[in-house]
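Comments concern the structure below.
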Amino acid sequence: MANIEKAPVTITLRRMNIPAETALLGVEADLHAETVEFQVPRYYQGVDLAELDWMVDVCNAKGQLVDTASLEKSAEEELIRLRWLVGPAAAAAGGEVGVRLRALAADFIWQTETGRFRFADTFAAQDAPEPPGLSY
């Protein structure tokens, strides 16, 4: 489910324009709690990017790749809307993460610069006991 309070991340000249309210992706140890929308121009040098497969890559603060996921895609006349359901690997630790988008075909790869997002820290991910009666 999309978080409608957050503005979409727009891509201009491969750079992510990340609104302040969207930069916080969630809290460490979240499980599919946030959806981020990206808006990308549909065409690049004559290539219809809507025809390609889209992926998101996430690196932790140490530059280690921690997640790669497919993106949900919908195309309009001049714009592609991509939706990323933020997974548990991305939210495994608090702090900054790097995110890039890739559009892939057999003989073509288009990608964004790395955008910087963050996860807030919480004690729940630091061996705190779970409340009674909850199961995940």
Side-chain angles (χ1 to χ4, degrees):
M1 173 180 354
N3 185 342
I4 59 173
E5 290 96 32
K6 292 188 175 183
V9 175
T10 58
I11 309 298
T12 306
L13 301 174
R14 298 185 187 230
R15 179 164 291 163
M16 290 189 190
N17 304 301
I18 305 168
E21 69 269 21
T22 306
L24 178 63
L25 287 179
V27 175
E28 70 177 309
D30 275 357
L31 180 62
H32 300 124
E34 295 289 338
T35 301
V36 178
E37 180 178 303
F38 298 93
Q39 295 180 353
V40 182
R42 182 169 176 167
Y43 298 97
Y44 177 77
Q45 296 183 354
V47 176
D48 184 354
L49 299 176
E51 295 179 3
L52 306 180
D53 295 322
W54 282 88
M55 306 292 290
V56 61
D57 298 318
V58 182
C59 288
N60 64 20
K62 296 178 182 177
Q64 300 162 319
L65 183 67
V66 295
D67 197 17
T68 296
S70 296
L71 295 170
E72 179 185 325
K73 170 181 65 178
S74 62
E76 299 174 9
E77 191 171 325
E78 297 294 324
L79 182 74
I80 303 170
R81 293 180 190 275
L82 304 165
R83 280 174 273 312
W84 171 38
L85 179 58
V86 180
E96 186 177 90
V97 295
V99 174
R100 76 168 173 184
L101 306 180
R102 293 183 292 141
L104 309 165
D107 60 348
F108 183 86
I109 299 175
W110 182 96
Q111 56 192 335
T112 65
E113 293 181 1
T114 302
R116 300 289 174 195
F117 294 83
R118 67 184 181 85
F119 286 93
D121 294 321
T122 183
F123 67 87
Q126 300 168 2
D127 299 323
E130 296 295 335
L134 289 181
S135 62
Y136 295 101

Check for a donor-acceptor pair, side chain of R118 on one end and backbone N or O of G94 on the other, with a separation under 3.5 Å. no

Answer whether the closest heavy-atom distance between the side chains of E34 and L25 falls below 4.5 Å. no

Which heavy-atom pair separates R42 from A75 by the least distance, and what is that distance? NH1-CB, 3.8 Å

Hey, which of V9, D57, T112, T114 is the one that makes side chain to side chain contact (heavy atoms under 4.5 Å, CB included) with L101? T112

Is the shortest heavy-atom distance from the side chain of F117 to the side chain of V86 under 4.5 Å? no

Are L71 and L79 co-members of a hydrophobic cluster defined by side-chain heavy atoms under 4.5 Å apart? no

Heavy-atom closest pair, residues G26 and D30: CA-OD2, 3.5 Å

Anything under 30° is parallel, anything over 60° is perpendicular, the rest tilted; go ahead and classify W110 against W54. perpendicular

On a heavy-atom basis, the closest approach of M55 and T68 is CE-CG2, 3.4 Å

Just wondering, more than 12 heavy atoms not from R15 lying within 6.0 Å of its CZ? no

Looking at side-chain heavy atoms only, is the closest gap between L49 and Y43 below 4.5 Å? no

Validation row: N60, F119 side chains within 4.5 angstrom (heavy atoms): no

How far apart are the C-alpha atoms of Q64 and C59, what are their side-chain angles, what is the distance that settles it, and do they pass the side chain to side chain contact (heavy atoms under 4.5 Å, CB included) test? CA-CA 5 Å; Q64 300 162 319; C59 288; over 6 Å; no

To the nearest 0.5 Å, tell me how far I11 CD1 sits from Q39 CD. 9.5 Å

Run the side chain to side chain contact (heavy atoms under 4.5 Å, CB included) check on L52 and Y44 step by step: do they pass? CA-CA 12 Å; L52 306 180; Y44 177 77; over 6 Å; no

Spacing of CZ belonging to F108 relative to CD belonging to E51, to within rounding of 0.5 Å: 11.5 Å

Below 4.5 Å, heavy atoms only, C-beta onward: do L82 and K73 meet side chain to side chain? yes

Do the non-hydrogen side-chain atoms of L85 and T35 ever get within less than 4.5 Å of each other? yes

Under 3.5 Å donor-acceptor, K6 side chain and L24 backbone: yes

Closer than 3.5 angstrom, by distance alone: can the side chain of N17 be matched with the main-chain N or O of T10 as a donor-acceptor pair? yes

Check whether any side-chain heavy atom of P41 sits under 4.5 Å from a side-chain heavy atom of E78, and report yes or no. no

Using a 3.5 Å distance criterion without hydrogens, assess whether the side chain of T22 forms a donor-acceptor pair with backbone atoms of A7. yes

To the closest 0.5 Å, what do you measure between CD (Q111) and CZ (R14)? 7.0 Å

If the threshold is 4.0 Å, N to carboxylate O, is there a salt bridge linking E37 and R81? yes

